[in-house]
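Convention: sequence-line order gives letters A, B, ...; per-chain numbering from 1.
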There are 2 protein chains.
Amino acid sequence: MSTTATRNEGTGRRVGLDRDEVIQRALDLIERDGSEALTMRALATELGVTTTTIYWHVGGREELLTAVIELLSRQQAEAEIVGDDPRERVFCIARQIWTNAQAHRNVTSLAHRMGATTLLEMPMELAMLREFESAGVRGAKARDALQAVILCVAGFLVVALRSPASGSLDAHSTELWSTVEDDRVSAATLKALTRPSDLEALFNTTVTAVINQFVPDSGTAA
Amino acid sequence: MSTTATRNEGTGRRVGLDRDEVIQRALDLIERDGSEALTMRALATELGVTTTTIYWHVGGREELLTAVIELLSRQQAEAEIVGDDPRERVFCIARQIWTNAQAHRNVTSLAHRMGATTLLEMPMELAMLREFESAGVRGAKARDALQAVILCVAGFLVVALRSPASGSLDAHSTELWSTVEDDRVSAATLKALTRPSDLEALFNTTVTAVINQFVPDSGTAA
DNA sequence: ACCTGAACACCGTTCAAGT
DNA sequence: ACCTGAACACCGTTCAAGT
């Protein structure tokens, strides 16, 4: 992408690589081929360099992955927040997290597996806090409201990110349910379970319910 | 644990191992040392056997892990469901999932990372469906209600399971927030963020809100 | 049927050495 | 300061061979 890789300013550099470029290429590689495809050797080959060079620039694999997540966190443009009242605006931000996650599935699910979701979504969580403040929700109440909404969104991401991502395991809900029989559950319900939910609609309903629980229904912001 | 390992009935067996015991020991090892500690070689050593024996009995690593999750799924005793109306009973089941997950952190977070949550929680999800039925919620509505509640619980598990599990990454929320400054967020809120939420209380509030959204407030079951 | 031994192709990481 | 080459200790998996 950037042409800085082949720059050689007459210094002792042979490749002209810097830390930022290593991380950016790592991000690209993960988005393209998944996070398991990012081995130190594969990334080195991609950069036209030896494995040890990566260690010199950014450190080991754990540091590299953390840096990738931080990079994406900064790149996720904080889109404009629309909505007439705090409830709507909080919902708008929740949808942005949801949308961003689907646009960057591989890094998002990586962050998820690493327990670094907060690191990735920090800017959007901060935006959400500002809305809570303007709705008069602050202190421990704001913290809990944030946790609840983020938790709920995270739950949706768990489901949304696993479907076409790791096709190896056939333990996906719809296939599992097709083998179940139970005389205390109607046939209509069991049949419905074999078809996927409309996650979009379900997201709206559920997240709205949680937001309404924590954000008061004030018409105008303070 | 079971003494079947040293049994040798005069057949050609040298060790007397069977598939179930391999899987049980794998489960024990994961619960004790974490899922990363379960290597084929480590498990083989634990069993007093060669690596290849595991392949003969249960197959590769993926199959082994799936079998472990299925085993725990069967072992999670379906405790008694208490509550006067469907809403309360659904909440009771949600709490059981929550409790079981914390009692078996390592396997649960493994199932989570594998996208096999449904496989693990199937019996409890089925119990929840029965409550929906008795509340008159069936078909696609029951499926969506199940999804919403499970999703929400899954979100809580994401947070609850990452704290003392993988101590390697310091990207935990509380530490991250301690460095943040923002003039549009009050000091009280920022300070609250550096202290962990009461997940127990938050679970009750949030899950109840979601359940109420999908299960009608009927006093008595049909 | 059940299990071993040796081997293969990977992996992350380190360390001395080069310019 | 920046990068290479060789090596180490791991890993999952396979395959022929033993009883």
Side-chain angles (χ1 to χ4, degrees), chain A residues 2 4-26 29-30 33-69 110 113-114 166-169, chain B residues 2-26 29-30 33-69 110 113-114 166 168-169:
Chain A
S2 63
T4 50
T6 45
R7 156 196 60 139
N8 194 331
E9 303 145 334
T11 70
R13 292 185 175 186
R14 283 170 252 182
V15 189
L17 206 61
D18 64 346
R19 186 186 145 95
D20 288 342
E21 191 168 2
V22 175
I23 295 165
Q24 178 65 58
R25 290 291 277 270
L29 201 156
I30 292 175
D33 301 327
S35 57
E36 323 84 37
L38 181 81
T39 65
M40 304 304 267
R41 286 168 225 259
L43 179 57
T45 304
E46 186 102 345
L47 289 163
V49 112
T50 312
T51 327
T52 35
T53 304
I54 300 172
Y55 284 87
W56 195 91
H57 279 296
V58 319
R61 188 162 199 265
E62 193 99 355
E63 292 174 62
L64 176 62
L65 294 180
T66 303
V68 165
I69 293 168
L110 168 69
R113 279 196 302 272
M114 288 180 66
S166 62
S168 53
L169 189 66
Chain B
S2 63
T3 52
T4 51
T6 44
R7 155 195 60 138
N8 193 329
E9 303 145 333
T11 71
R13 294 182 175 191
R14 281 171 253 182
V15 188
L17 206 59
D18 64 346
R19 186 186 145 95
D20 288 342
E21 190 167 2
V22 175
I23 296 165
Q24 178 65 58
R25 290 292 276 270
L29 201 155
I30 292 176
D33 301 327
S35 57
E36 323 83 38
L38 181 80
T39 65
M40 304 302 268
R41 286 168 225 259
L43 179 58
T45 305
E46 186 103 346
L47 289 163
V49 112
T50 311
T51 328
T52 35
T53 304
I54 300 172
Y55 284 85
W56 195 92
H57 280 294
V58 320
R61 189 162 198 266
E62 193 99 355
E63 292 174 61
L64 176 62
L65 294 180
T66 304
V68 165
I69 293 168
L110 169 69
R113 280 195 303 274
M114 289 180 66
S166 61
S168 53
L169 189 65

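- Among residues two or more places apart in sequence or in another chain, the salt bridge (Lys or Arg N to Asp or Glu O under 4.0 Å) test is passed with A:Glu46 by A:Arg32.
- Residue pairs meeting the salt bridge (Lys or Arg N to Asp or Glu O under 4.0 Å) criterion with at least one member in residues 48-57 of chain B: none, sequence neighbours excluded.
- Between D:dA1 and A:His57, no contact under 4.0 Å exists linking OP1 or OP2 to a side-chain N or O.
- Applying the salt bridge (Lys or Arg N to Asp or Glu O under 4.0 Å) test to every pair with at least one member in residues 33-43 of chain A, sequence neighbours left out, gives no pairs at all.
- Here CD1 of A:Ile23 is found 11.5 Å from CD1 of A:Ile69. Values are rounded to the nearest 0.5 Å.
- Rounded to an integer number of Å, the gap from B:Leu65 CG to D:dG12 C1' is 12 Å.
- To the nearest 0.5 Å, the span separating CG on A:Leu29 from CG on A:Leu38 amounts to 5.5 Å.
- Atoms CD (A:Glu21) and C1' (D:dC2) sit 15 Å apart, rounded to a whole Å.
- Going from atom CG of A:Leu38 over to atom C1' of C:dC11 covers 12 Å, rounded to whole Å.
- A sub-4.0 Å separation between OP1 or OP2 of C:dT4 and a side-chain N or O of B:Thr50 is present.
- Listed by first residue number, the stems of DNA chain D with at least three Watson-Crick or G-U pairs below 3.5 Å are C:4-8 with D:12-16, C:12-16 with D:4-8.
- Scanning all heavy atoms of the two residues, the minimum distance from B:Glu63 to B:Val58 falls at OE1-O, 3.2 Å.
- Every side-chain hydrogen bond (donor to acceptor under 3.5 Å, both in side chains) that A:Arg113 has, sequence neighbours left out, goes to A:Ser35.
- Rounded to whole angstrom, the span from the CD1 atom of B:Ile54 across to the P atom of C:dT4 amounts to 10 Å.
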Could you pull out the protein-nucleic contacts involving nucleotides 13-17 of chain D (nitrogen or oxygen on both sides, under 3.5 Å)?
unit_1	atom_1	unit_2	atom_2	d
D:dT13	OP2	B:Tyr55	OH	3.1
D:dT13	OP2	B:Arg61	N	2.8
D:dT13	O5'	B:Tyr55	OH	3.4

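- For the side chain to side chain contact (heavy atoms under 4.5 Å, CB included) test, residues two or more places apart in sequence or in another chain that qualify with B:Thr50 are B:Thr52, B:Thr53.
- Residue A:Thr39 has its side chain nearest to C:dC11 when only C:dC11, D:dG12, D:dC3 are considered.
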